[in-house]
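Here is the structure we will look at.
Basis for what follows: all heavy atoms, side chains included, without hydrogens, waters or symmetry-related copies. In what follows, chains are A, B, ... by sequence order, proteins preceding strands, each numbered from 1.
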There are 2 protein chains.
Amino acid sequence: MENDIELEEPITKVNCQNHLSSVEDALYVIGGKWKLKIIIALQEHGSIRFNELQRIVAGISARVLSNELKDLELNGFVKRIVHSEQTPVVVEYISTDYSKTLKTVIMALSEWGRTHKNNIREDVFEK
Amino acid sequence: MENDIELEEPITKVNCQNHLSSVEDALYVIGGKWKLKIIIALQEHGSIRFNELQRIVAGISARVLSNELKDLELNGFVKRIVHSEQTPVVVEYISTDYSKTLKTVIMALSEWGRTHKNNIREDVFEK
DNA sequence: CCGTATCCCGATTGATACTG
DNA sequence: CAGTATCAATCGGGATACGG
């Protein structure tokens, strides 16, 4: 990165690396097929049990859901609460305050996905 | 379209399915390890050639980059321009206007990733 | 009911080499 | 330079079965 500095857009190139790096960091934590969907389900349902969650996040298997929940718990998005006083044991999952910081991300993605779907239905494929 | 006042339960469940569905649609197109990063690089560099792009999007292989670019072109995020008058052939990739609609998504993700990284560096893991 | 443990398959990807 | 071809390896994830 030495000789192609044209002084045209020096800041842009820095911004690019910043964005790339930050987006990469974000995707590392919330990327993948399921994580955001689980977070959304958790946020909007308040408290959910395992099987209910599996029903809401359509298509996910118990094994994958279990693994994803562990990941999300480690990263502070989910709290796992065990009611061991009951039998059989009841386990609830709730979203944490930290997961609320994803609100703008989720809104942006949701909004974009919605309009994109409409665009496709209309005429994206006709030039 | 509607007010975002936090209501109680009934609307929430509908919103959940809406969000889940929309986010799913979004991730279908821009999900995965590379797509957003390629879009970012393209947006901020204006016009890039293949090998330059491969350098910027660190870690991507030529094969994967080639496939991703085809996908992105099909979905209207990238335009491929071939200058066949030159030898060897020069190919540039530029981002389309449609990819600009992702601006808020990228900003939200980038911003979140940045603060998340800072949080981790500090004390997220100590309660 | 709430998961975990295996097994296993197909898709994704990295490395390398090669072509126009 | 701009990719493509091929192969090997990895990995996410489904199916199933089982234990607490």
Side-chain angles (χ1 to χ4, degrees), chain A residues 1-4 20 23-24 27-39 41-42 45-75 77-95, chain B residues 20 23-24 27-39 41-42 45-75 77-95:
Chain A
M1 40 159 61
E2 44 275 0
N3 50 5
D4 57 352
L20 279 177
V23 167
E24 184 163 28
L27 293 184
Y28 182 77
V29 184
I30 59 171
K33 195 173 173 181
W34 304 111
K35 292 210 169 57
L36 264 183
K37 296 172 73 171
I38 294 171
I39 289 174
L42 249 21
H45 280 74
S47 150
I48 326 187
R49 319 249 311 251
F50 188 88
N51 284 341
E52 190 186 359
L53 191 50
Q54 195 182 356
R55 253 174 276 123
I56 294 167
V57 182
I60 197 169
S61 70
R63 185 176 63 83
V64 174
L65 178 55
S66 175
N67 291 336
E68 297 288 68
L69 283 172
K70 280 177 197 160
D71 263 28
L72 293 175
E73 198 182 357
L74 276 177
N75 285 300
F77 296 115
V78 177
K79 188 113 176 51
R80 183 172 185 271
I81 299 174
V82 182
H83 298 272
S84 47
E85 66 277 5
Q86 303 182 32
T87 313
V89 169
V90 168
V91 181
E92 336 173 78
Y93 294 90
I94 62 174
S95 72
Chain B
L20 279 177
V23 167
E24 185 163 27
L27 293 184
Y28 182 78
V29 184
I30 59 171
K33 196 174 174 182
W34 303 113
K35 292 211 169 57
L36 263 183
K37 296 172 73 171
I38 295 172
I39 289 173
L42 248 22
H45 284 257
S47 151
I48 324 186
R49 320 246 312 247
F50 188 88
N51 284 340
E52 191 187 357
L53 191 50
Q54 194 183 353
R55 255 174 273 123
I56 294 167
V57 181
I60 197 170
S61 70
R63 188 176 58 82
V64 173
L65 178 56
S66 175
N67 291 335
E68 296 288 69
L69 284 171
K70 280 175 195 159
D71 262 29
L72 293 175
E73 198 183 357
L74 275 178
N75 284 300
F77 295 114
V78 176
K79 189 117 179 42
R80 183 173 185 270
I81 299 176
V82 183
H83 299 272
S84 47
E85 66 277 7
Q86 304 181 30
T87 314
V89 168
V90 169
V91 181
E92 336 173 78
Y93 293 91
I94 62 173
S95 71

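- Taking A/Gln54 as the reference, nothing meets the side chain to side chain donor-acceptor pair (under 3.5 Å) condition, with sequence neighbours excluded.
- The distance between atom CG of B/Leu53 and atom C1' of D/dA2, rounded to the nearest whole Å, is 12 Å.
- To the nearest 0.5 angstrom, B/Ile60 atom CD1 is 8.5 Å from B/Lys37 atom NZ.
- Taking a pair as Watson-Crick or G-U wobble with both distances under 3.5 Å, the runs of three or more consecutive pairs in DNA chain C are C:3-20 with D:1-18.
- You'll find the side chain of A/Leu72 reaches within 4.5 Å of the side chain of A/Ile38, heavy atoms only.
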Going through the distances and angles, do A/Leu20 and B/Ile56 end up as a side-chain contact (heavy atoms from CB on, under 4.5 Å)?
-> CA-CA 9 Å; A/Leu20 279 177; B/Ile56 294 167; 3.8 Å; yes
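- For the pair B/Leu65 CG and C/dG14 P, the computed distance is 11 Å after rounding to whole Å.
- Between the CD atom of A/Glu52 and the P atom of C/dC2 there is a distance of 9 Å, given to the nearest Å.
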What nitrogen or oxygen pairs link the protein and nucleotides 8-10 of chain C at under 3.5 Å?
none

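- Look at CG on B/Leu72: it is 13 Å from P on D/dG3, rounded to the nearest Å.
- Going from atom CD1 of A/Ile48 over to atom CG of A/Leu69 covers 9.5 Å, rounded to the nearest 0.5 Å.
- Between B/Tyr93 and D/dC1 there is no side-chain N or O to OP1 or OP2 distance below 4.0 Å.
- For the pair B/Gln54 CD and C/dT16 P, the computed distance is 13 Å after rounding to whole Å.
- Distances shorter than 4.0 Å separate some side-chain N or O of B/Ser66 from OP1 or OP2 on D/dT4.
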Base, backbone or nothing for each nucleotide of nucleotides 11-20 of chain D, written B, S, -, heavy atoms under 4.0 angstrom, 5' to 3'?
-> --BBB-----
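- In this structure, the side chain to side chain donor-acceptor pair (under 3.5 Å) partners of A/Ser47, at least two apart in sequence or on a different chain, are A/Glu92.
- Of all the heavy atoms in B/Ala41 and B/Val57, the pair that sits closest is CB-CG2, 4.2 Å.
- The separation between A/Glu92 atom CD and C/dC1 atom P is 15 Å, rounded to whole Å.
- Looking at A/Leu42 and A/Leu53, their side chains come closer than 4.5 Å, going by heavy atoms from C-beta outward.
- A/Ile38 has its CD1 atom 13 Å from the P atom of C/dG3, to the nearest Å.
- For the atom pair A/Glu68 CD and A/Ile39 CD1, the distance stands at 9.5 Å (nearest 0.5 Å).
- Listed by chain and number, the residues in a side chain to side chain contact (heavy atoms under 4.5 Å, CB included) with A/Arg80 are A/Glu73, A/Val82, A/Val91, A/Tyr93 (sequence neighbours excluded).
- For A/Arg80, a side-chain nitrogen or oxygen approaches OP1 or OP2 of C/dG3 to under 4.0 Å.
- Looking at heavy atoms from C-beta onward, A/Val29 lies in side-chain contact with A/Phe77 at the 4.5 angstrom threshold.
- Atom CG of B/Asn67 and atom C1' of C/dT12 are 10 Å apart (whole Å).
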